[in-house]
Protein chains: 2
Amino acid sequence: MKTTLRKIVTEAREVFREHGYDGASMQDLASRVGLKKASLYTRFPNKESLVPEVLALTLEETVQGLPDPNDDWQLTWQTLIGRIEKTLEERQRCVGLHLAYGVTSATPEARAAVCQFFTALREKMAQILRLGGIPDPDAVAADTLAQLEGATVWITTSGDVTPLHRAAESACRIAD
Amino acid sequence: MKTTLRKIVTEAREVFREHGYDGASMQDLASRVGLKKASLYTRFPNKESLVPEVLALTLEETVQGLPDPNDDWQLTWQTLIGRIEKTLEERQRCVGLHLAYGVTSATPEARAAVCQFFTALREKMAQILRLGGIPDPDAVAADTLAQLEGATVWITTSGDVTPLHRAAESACRIAD
DNA sequence: TTTACACCCGACCGGTCGGTCGTTTTTATA
DNA sequence: TATAAAAACGACCGACCGGTCGGGTGTAAA
């Protein structure tokens, strides 16, 4: 059943989120899934190949079922921002950011996946803003994402979520 | 000579910046300094103890010799922002952020050092803003730092420095 | 010249890493 | 129920990890 495969990916996401790419242990991942390490390698050829799967799932979960921006782009935007805010607040860190900092030229496929993830997310955000006639939507999308992710440093260091909330609030104000 | 000790700390900063806490190798650090691994342990008891030194040095370099904010707080603010911007652009990543994501409860001293680093930097920024009569200086300082650090994700993923430049520019506009 | 000390290093420790292999167990099909 | 594929596993690999130890080595004070 695909259940196991999906569980590997979702648990891998948490391992990467908590420990980054280098710090993520296949042994740790296996025990979280309830398998032995060797069993993981029947599904994935290596650790690096987990990264694209993790980010693809994350992107999909982030944008799936969003209200149609052609109907009400403000609602779409605010829903998207709210989802990101909620995830970051609950999980404390951004997987994408931890991976972006962790992957190097030694893991080119993972590197490409991280790049794709952020590009796709920014493009999705820019699309919505474009429908709202917001000027320079790519820049606004990139800056909004930067603000939200940067706010997680305060969560991890001091548990302070107010910068994240202010970031989300000011992002939502773009659509007013 | 203190030269060796300082070189260890400055090189450790680059190792942490590039590889994070877990990924940083004492072997790697030693070879960058031009020593053998065992020699590092005559200066530092363990890897964790490098973190406070690295962050203390970074904080000191960031704020030392800043123009007196009592004379011209705008100049002080913009100089500080400019320094952070320059470092992030040159080095591509923020050591503090990589360490913030990398240290866990297993390394409490490192964790505390990271917390202190960001708190001190934010407080320094807030002090300047306070002299300028900026409302809610702590929040503004935290948000400014978040925006600058978040912008590094675009540098690492795609080499795009424009989000960082926009962040710095908008930060400088606070003091106008 | 002796002594003492800071420093450096080669060799080594136990442990964990990502990954492999041969075999056993489960599962789907027929 | 027979069979073949898929999945899980225990044991193992070489490499590297953070860290230790005992023995040099250069230097400076006595």
Side-chain angles (χ1 to χ4, degrees), chain A residues 1-54 95 98-99 101-111 113-114, chain B residues 1-54 95 98-99 101-111 113-114:
Chain A
M1 297 66 180
K2 290 186 102 180
T3 319
T4 301
L5 219 155
R6 192 176 187 90
K7 177 152 198 198
I8 293 175
V9 176
T10 59
E11 291 295 335
R13 174 166 55 187
E14 298 316 305
V15 179
F16 284 138
R17 197 196 308 276
E18 293 168 27
H19 301 286
Y21 185 79
D22 275 335
S25 149
M26 297 298 275
Q27 173 74 10
D28 180 12
L29 171 58
S31 78
R32 294 194 195 205
V33 178
L35 292 175
K36 302 297 169 181
K37 187 176 55 161
S39 306
L40 293 178
Y41 288 89
T42 64
R43 319 290 194 122
F44 294 93
N46 50 49
K47 181 161 120 176
E48 189 177 4
S49 66
L50 285 165
V51 174
E53 303 292 333
V54 161
V95 218
H98 211 161
L99 285 172
Y101 262 61
V103 300
T104 65
S105 52
T107 52
E109 292 176 27
R111 201 174 181 67
V114 172
Chain B
M1 300 69 179
K2 289 187 104 180
T3 320
T4 302
L5 218 155
R6 193 176 187 90
K7 178 152 197 197
I8 293 175
V9 176
T10 59
E11 290 294 336
R13 173 165 56 186
E14 298 315 306
V15 179
F16 283 138
R17 198 198 307 277
E18 294 168 26
H19 301 286
Y21 185 79
D22 275 335
S25 149
M26 296 297 276
Q27 173 72 23
D28 181 11
L29 172 58
S31 78
R32 293 194 195 205
V33 178
L35 293 175
K36 301 298 169 183
K37 188 176 55 160
S39 305
L40 294 178
Y41 288 89
T42 63
R43 319 290 193 122
F44 295 93
N46 50 49
K47 181 160 117 175
E48 188 177 4
S49 65
L50 285 165
V51 174
E53 304 290 333
V54 161
V95 219
H98 211 161
L99 285 172
Y101 262 62
V103 299
T104 65
S105 53
T107 52
E109 291 176 27
R111 200 173 181 68
V114 172

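Labels below follow one simple rule: chain letters A, B, ... track the order of the sequence lines, proteins then strands, and each chain is numbered from 1. Worth knowing before you read on, the calculation uses all heavy atoms, side chains too, and leaves out hydrogens, waters and symmetry mates.
- Of the candidate nucleotides D:dG19, C:dG19, C:dC7, C:dG19 has the atom nearest to the side chain of A:Y41.
- Taking the side chain of A:S25 as heavy atoms from C-beta on, and the options C:dC8, D:dG18, C:dG18, the nearest nucleotide is C:dG18.
- Evaluation of atom-type donor-acceptor distances gives a pair under 3.5 Å for the side chain of B:K37 against the base of D:dG19.
- The aromatic rings of A:H98 and B:H98 lie perpendicular to each other, with more than 60° between the two planes, well past the 30° mark.
- Between the P atom of D:dT20 and the CE atom of B:M26 lies a distance of 10 Å, rounded to the nearest Å.
- Backbone-only engagement by A:A24 is indicated by non-hydrogen atom pairs under 4.0 Å involving sugar-phosphate atoms exclusively.
- The two atoms that bring B:H19 and A:D22 nearest to each other are O-OD2, 4.1 Å, heavy atoms only.
- Residue A:A38 has its side chain nearest to C:dT20 when only D:dA8, D:dT20, C:dT20 are considered.
- In terms of phosphate contacts, B:T42 brings no side-chain nitrogen or oxygen within less than 4.0 Å of OP1 or OP2 of C:dA6.
- Atom CG of B:L29 and atom P of D:dC16 are 17 Å apart (whole Å).
- Summarising the geometry, the separation between NE2 on B:H19 and P on D:dG18 is reported as 11 Å, rounded to the nearest angstrom.
- Nearest heavy-atom pair across A:R43 and A:I8 is CG-CD1, 3.9 Å.
- Look at B:R43 and you won't find any side-chain N or O under 4.0 angstrom from OP1 or OP2 of C:dA6.
- Checking the phosphate oxygens (OP1, OP2) of C:dC9, a side-chain nitrogen or oxygen of B:S39 falls inside 4.0 Å.
- If A:L35 and B:Q27 are placed on DNA chain D by their nearest nucleotide, the residue sitting closer to the 5' end is A:L35.
- The CZ-P distance, from B:F44 to C:dC7, rounds to 11 Å in whole Å.
- The interatomic distance linking B:E109 (CD) with D:dG18 (P) rounds to 17 Å, in whole Å.
- As a whole-Å value, the separation of B:K36 NZ from C:dA6 P is 24 Å.
- Atom CG of A:D28 and atom P of C:dG15 are 19 Å apart (whole Å).
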- Message: Please determine whether salt bridge (charged side-chain N to carboxylate O under 4.0 Å, His left out) holds for the pair A:E18 and A:R32, giving the CA-CA distance in whole Å, both sets of side-chain angles, and the decisive distance to 0.1 Å.
- Response: CA-CA 13 Å; A:E18 293 168 27; A:R32 294 194 195 205; 3.0 Å; yes
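- Between atom CG of residue B:D28 and atom CD of residue B:E14 there is a gap of 11.5 Å, rounded to the nearest 0.5 Å.
- As rounded to whole Å, 10 Å separates atom P of D:dC9 from atom CG of A:L40.
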